[in-house]
Amino acid sequence: MADIAKAKALPTEGGASELRIRISLTSRFVKSLEKVCSTLKNSAKDKGLQVKGPVRLPTKKLLITTRKSPCGEGTNTWDRYEMRIHKRLLDMQCPASIVSQITNVTIEPGVEIEVFIINDN
């Protein structure tokens, strides 16, 4: 995360500055998350861009434990529910004109995408 504070715009051959882009992908479903990651990475590689990632961040486990019995009497039996949230990061550098082309991909249902564009002149 310290990269964001230190990010600088890099000049290219055409005079346009390159932007650093960080794409954060979040989902409960690993297969759909990996599919979107590979689609984004392949589309950036096809355009000849420098891509780092996907970086796999630790999985969040949301746990809820409840009693099965609604009245509280009887044997102490419990239900345990768990939801896992997976997160991936992609970092890339590209000119401002290509940003919309890269991020214009089909997204699987259940995958949330956040795009951070860093342009420090």
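These figures come from a predicted structure and were not determined experimentally. The first residue in the sequence is number 1, and the count goes up from there.
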Transitively linked via ILVMFWY side-chain contacts under 4.5 Å: Val105 with Leu49?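 Shared cluster, yes.
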Taking Ser27 for the side chain and Phe29 for the main chain, is one N or O donor matched with an acceptor at less than 3.5 Å?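 Looks like yes, one N/O pair under 3.5 Å.
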Between [atom1] on residue [X] and [atom2] on residue [Y], distance to nearest 0.5 Å:
X: Thr106; Y: Lys35; atom1: OG1; atom2: NZ; answer: 7.0 Å
X: Leu57; Y: His86; atom1: CG; atom2: NE2; answer: 12.0 Å
X: Glu112; Y: Leu33; atom1: CD; atom2: CG; answer: 11.0 Å
X: Arg67; Y: Thr77; atom1: CZ; atom2: OG1; answer: 6.5 Å
X: Leu40; Y: Arg88; atom1: CG; atom2: CZ; answer: 13.0 Å
X: Gln93; Y: Ile98; atom1: CD; atom2: CD1; answer: 12.5 Å

Do [X] and [Y] touch side chain to side chain, with heavy atoms closer than 4.5 Å?
X: Arg20; Y: Asp91; value: no
X: Cys37; Y: Leu25; value: yes
X: Lys68; Y: Trp78; value: no

Tell me if the NZ atom of Lys47 is crowded by more than 12 foreign heavy atoms within 6.0 Å.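 It does: Lys47 NZ has more than 12 such atoms within range.
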Do other residues, nucleotides or ligands put more than 12 heavy atoms under 6.0 Å from Leu63 CG?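 Enclosed.
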To check you understand the geometry: which heavy-atom pair defines the closest contact between Gly53 and Leu90, and what is its length?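 For Gly53 versus Leu90, the nearest heavy atoms are C-CD2, 3.7 Å.
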If you look at every heavy atom in Ser69 and Glu73, which pair is closest and at what distance?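 Shortest heavy-atom separation between Ser69 and Glu73 comes out as OG-O, 3.1 Å.
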Mind checking salt bridge (charged side-chain N to carboxylate O under 4.0 Å, His left out) for Arg84 and listing every partner two or more places apart, or none if nothing turns up?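 Arg84: salt bridge (charged side-chain N to carboxylate O under 4.0 Å, His left out) contacts with Glu82.
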Let me see the working for Arg56 and Glu34 under salt bridge (Lys or Arg N to Asp or Glu O under 4.0 Å), right down to the final yes or no. CA-CA 10 Å; Arg56 289 158 179 84; Glu34 290 294 333; 3.2 Å; yes
